[in-house]
Undergrad: 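Below you will find the structure I want to go over with you.
Lettering of chains follows the sequences in order, A, B, ..., and the numbering in each one begins at 1.
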Amino acid sequence: MTRELQTRYDPHGVEERWQRTWEAEGLYNADPDPTRTPYVDAHPPPNVTGELHTGHALQLAIGDTVVRMKRMQGFNALFQPGYDHAGISTQNVVEIVLVSEGTSRQEIGREAFEARVWDWLHEYGGKILFQFRRMGASLDYRRTRFTMDDAYIRAVMRFFVHLYRRGWIYRANRIINWCPHHETSLSDLELEHHDVDDTISTIRYPLADGDGYIAIATVRPATIPADVAVAVHPDDERYQHLIGREVIVPWVERRVPVIADDRVEREFGTGALKVTPGHDPTDFAIGRDHGLPEPSCIGADGRVTAPGLEGLTQKEAEERILAWAKERGQLEDREHYRHSVAVCERCKTRIEPRISLQWWCAMDEIKQPALQALRERRIVFHPESQHRFAIDSLEHAPDWNISRQIWWGHQIPVWTCPGGHLTVEEDEPSACAECGSAQLTRETDVLDTWFSSALWPFATLGWPDETSDLAYFYPGDLQTTAREIIRLWENRMIFCGLELLGEIPFSDVVIHTTVLARDGRRMSKSLKTGIDPLELIDKHGTDATRYGLMKNSLTQDVRFSDAALEEGRKLSNKLWNASRLIITVCEGAAPAERPSSLEERWILARLSQAQRAAERLIGEYDFAHLTDELYHLTFDDFCDWYLEAVKERLYGGDMAARATATAALERLLKLLHPVMPHVTEEIWSHLPDRTTRLIVASWPQVGDESEAGALSLVQEYAQVFRRSGVVPRLDGDEQRIFDAVVKPARAPQREPGNAEAERDRLRNEIARAERSLANERFVANAPADVVAGEREKLDRYRRELDAIGNT
RNA sequence: GGGCGGUUAGCUCAGCUGGGAGAGCAUCUGCCUUACACGCAGAGGGUCGCAGGUUCGAGCCCUGCACCGCCCACCA
């Protein structure tokens, strides 16, 4: 039944076939089963608007690798898929489509707009799942959730009402970041900062009670009509005499006080600041502390509303005001000024700080249990530096602005009656809870998209219902995510899980690296530096892509390189061919007798050792060293050393050797499967008498070919080395023994041409070791084993030098 | 302006609590040896960013500097 196997492994076709097979056979599925221990990774739901990018691919590879090992180890592994409605970004994308059709959101109205978004969603939501599948991600696709499906809406409403009844939700006027394009508030986290070329104007504000003026530098003269004060630093000697007096604001000719506040920078501009609480965050803070009014002169659309300037753009208003000032000799100076301004990260429109009535969630109380969980390390972020960052950012988390003035999202469940009473209910109430009025209007704002994502680990399991899924799979275990999302999402999932269910949602958070473009820049759509993972899969295959992306450490951002993926492809090809040899030669071999030859005992010991290393590395989320270990295990130890050593015996009909080779291959495949699931499953299917798929095969037990055994084998190995000249890769103690026992045996074989260089090296080493040992402080202070090691080295170098002839 | 990370071979990166500078790719040499030429055997290649310091000993610890990247930030 041996089939003809190609000499070159081609992942195309093979990988998709296994993806379909695994899913069709239900091997990705996880259901509550009291006899097994659950392991849960609720995979971050990507934005429906997005295509999968390289970061997602890495994220899937990491999560899937861990999940696959856990599954083989007997855990009931749930890998939860889904996607996110992503409020503003989705609305933005659909709006762009509407504009291209010559219409707009406003024109078609809210209901029709929402319908359009749903259409769009049905088209693109599936694309994400397709991309998940092509990465070989063993997600339970039956459980795919969307953050705005009916059940999810219920969870979000429950959450809002819960917070409201706890007294943590409030409505308040605050200065917020306003996007005039989307006409919505944005959190600080939804901004980008860009440097722009601007103009700074110095304008004189005349004193109200006589001659003189205060000159003020501003980049935004258009906001002058909303000035309510002029502020100077309390210790600024230039202005001491003016504090408490009044100046006249240009254009509106209103008298405002001169106040002192230490937030004013004396060195900036003229050292005097016009205070405009309605349009600047600093000014807002100063105004609140001084009890100043908060007028506005710019509307929601970014146009000016001040008297005499109604409907003008800010640029136009600025020109009018400056002309007005110039006429009166109050315009002192205008000069070029480059500075950083906040823009909307979605549409790049310049942010308008604006006072607005918003919904907020108070953070003080809700975050405490989460902080405790992090400090007690019941939840651990990896790497460690991100753990500190998570704690720090949660400690300093300001109140959460949860309302957005857009159409796409979860509408806030608050109803208002004509009497102004608020009714807060999960479902639409029939009458005002306070006065009974049936004339209720619902709040039009929607919730911040992260308000719903925060529920992901348990809303996906059926919360707020007490489902068997929830009881069995919650709390979960793993989260894998990008750095920039820690404050937006990870921290919020943690405090929500603790608040609503009383338990942490997961125990480990892996913050993976940012994969940079080939040129070191950030991957971004707008820069066209992004790399589509589907292209990588087409070019290198899924297994190679997973391997290549995971070959990065967690601590350092890394440039994307095709070489790493190419290495993965070579590894799968090597494995394929090694397997081909064993499968074609060893068919029908008798069950393994106890292996007797050194090579066989050696490889089994190496496999045990590598397995322990792999388990440890996955446990530490150190995927860079995991891939390294697997690569060298396969290439150096399994193929170049073991197979080369036993090949002749396999051909020669040694049945015991054949059985051992098959057994060793099985174990190798199991170790590689989490990282490279497809090629290993493909090979597995060609092994004789397969009754189960590799994906659900049991993880090997480390038996009596353990490390101690392996180490003792090294002694024997030295003889093999002398016989065959094959050099295996060794670690730790083995390496030391190898150096002590094997290398000296090798020295005489060196080329005569190199002998002189070798003598020099050895003489240097001997001199160095002698110096160390002659150093009393070294002998007294260095650790005993270091000193002993130095003596050993000295002996060894002397022996080696004698061996090649000390001329 | 703060915080974090980085700087090691031509390239992409490892280097664990200080004790003989590594991998893969690329280059060079020899091999189409019947699993694999996407292979095998070998070789060359590094002032570990710069300057100080601690130590018997520093890629690793301390100080300062330079450059790169990310995050945060109210200099109008």
Undergrad: With the side chain of Arg580(A) defined as its heavy atoms from C-beta on, choose the nearest nucleotide among G5(B), C36(B), C70(B).
TA: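 Of all the options, the side chain of Arg580(A) is nearest to C36(B).
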
Undergrad: Check every strand shown and say whether Ala564(A) touches a base, only sugar-phosphate, or nothing at a heavy-atom separation below 4.0 Å.
TA: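 Answer is nothing: Ala564(A) stays at 4.0 Å or more from every strand.
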
Undergrad: With the threshold set at 4.0 Å, does a side-chain nitrogen-carboxylate oxygen contact exist between Glu318(A) and Arg220(A)?
TA: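 So Glu318(A) does not pair with Arg220(A) through a salt bridge.
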
Undergrad: Measuring only the C1' atom in each nucleotide, how far is U55(B) from G18(B)? A whole number of Å is fine.
TA: 9 Å

Undergrad: Using a cutoff of under 3.5 Å, can you pull out all pairs of nitrogen or oxygen atoms linking the protein to nucleotides 22-26 of chain B, with atom names and distances?
TA:
from, atom 1, to, atom 2, distance (Å)
A23(B), O2', His632(A), NE2, 3.2
G24(B), O2', Glu567(A), OE1, 2.8
C25(B), OP1, Lys570(A), NZ, 2.0

Undergrad: The side chain of Asp640(A) is closest to which nucleotide in this list: C40(B), C70(B), C36(B)?
TA: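 Nearest to the side chain of Asp640(A) among the choices is C40(B).
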
Undergrad: Check this for me: does any side-chain nitrogen of one of Glu566(A) and Arg569(A) sit under 4.0 Å from a carboxylate oxygen of the other?
TA: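 Between Arg569(A) and Glu566(A) there is a salt bridge, with a charged N closer than 4.0 Å to a carboxylate O.
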
Undergrad: In whole Å, measure the gap between the P atoms of U12(B) and U8(B) for me.
TA: 9 Å

Undergrad: For G39(B) and C48(B), measure between their C1' atoms and round to the nearest Å.
TA: 33 Å

Undergrad: Measuring only the P atom in each nucleotide, how far is C32(B) from C38(B)? A whole number of Å is fine.
TA: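 Rounded to whole Å, the distance is 15 Å.
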
Undergrad: Using the C1' atom as the point on both nucleotides, what is the distance between A9(B) and C25(B), in whole Å?
TA: 12 Å

Undergrad: According to the Watson-Crick and G-U wobble definition with distances under 3.5 Å, which dot-bracket string, read 5' to 3', encodes RNA chain B, using [ ] for crossing pairs and | for pairs with another strand?
TA: (((((((..((((.....[..)))).(((((.......))))).....(((((..]....))))))))))))....

Undergrad: Starting at the 5' end of RNA chain B and moving along, which residue's nearest nucleotide shows up first, Ala578(A) or Asn573(A)?
TA: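 Of the two residues, Ala578(A) wins.
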
Undergrad: Name the closest nucleotide to the Lys574(A) side chain, picking from G39(B), A76(B), C38(B).
TA: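 Among G39(B), A76(B), C38(B), the one nearest the side chain of Lys574(A) is G39(B).
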
Undergrad: Nearest of C38(B), G15(B), C72(B) to any side-chain atom of His625(A)?
TA: G15(B)

Undergrad: Pick from Asp227(A), Asp280(A), Asp283(A): which one makes a salt bridge (Lys or Arg N to Asp or Glu O under 4.0 Å) with Lys274(A)?
TA: Asp227(A)

Undergrad: For a quick check of understanding: with a heavy-atom distance under 4.0 Å over all strands, which category does Lys274(A) fall into, base, sugar-phosphate or nothing?
TA: nothing

Undergrad: Mapping Glu484(A) and Leu581(A) to their closest nucleotides on RNA chain B, which lands nearer the 5' end?
TA: Leu581(A)

Undergrad: Using atom P of each nucleotide, how far apart are A51(B) and G2(B) to the nearest Å?
TA: 26 Å

Undergrad: Of all the choices, A76(B), C36(B), C40(B), which nucleotide is nearest to the side chain of Phe635(A) once you look at every atom?
TA: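 From the listed options, C40(B) comes nearest.
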
Undergrad: Pick out the pairs of N or O atoms, protein on one side and nucleotides 27-30 of chain B on the other, that lie under 3.5 Å.
TA:
none

Undergrad: Kindly point out which of C70(B), A41(B), C36(B) is positioned nearest to the side chain of Asn577(A)?
TA: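 Nearest to the side chain of Asn577(A) among the choices is C36(B).
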
Undergrad: Can you identify which nucleotide, out of C38(B), U12(B), C40(B), has its nearest atom closest to the Ser561(A) side chain?
TA: U12(B)

Undergrad: Can the positive tip of Arg8(A) be found less than 6.0 Å from the middle of the six-membered ring of Trp576(A), inside 45° of the ring normal?
TA: no

Undergrad: Between the side chains of Arg487(A) and Glu395(A), is the shortest nitrogen-to-carboxylate-oxygen separation below 4.0 Å, so that they form an ion pair?
TA: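 No, Glu395(A) and Arg487(A) are not salt-bridged.
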
Undergrad: Please measure how far the P atom in G57(B) lies from the corresponding atom in G20(B), and state the result in whole Å.
TA: 14 Å

Undergrad: For atom P, what is the distance between C11(B) and U47(B), given to the nearest Å?
TA: 13 Å

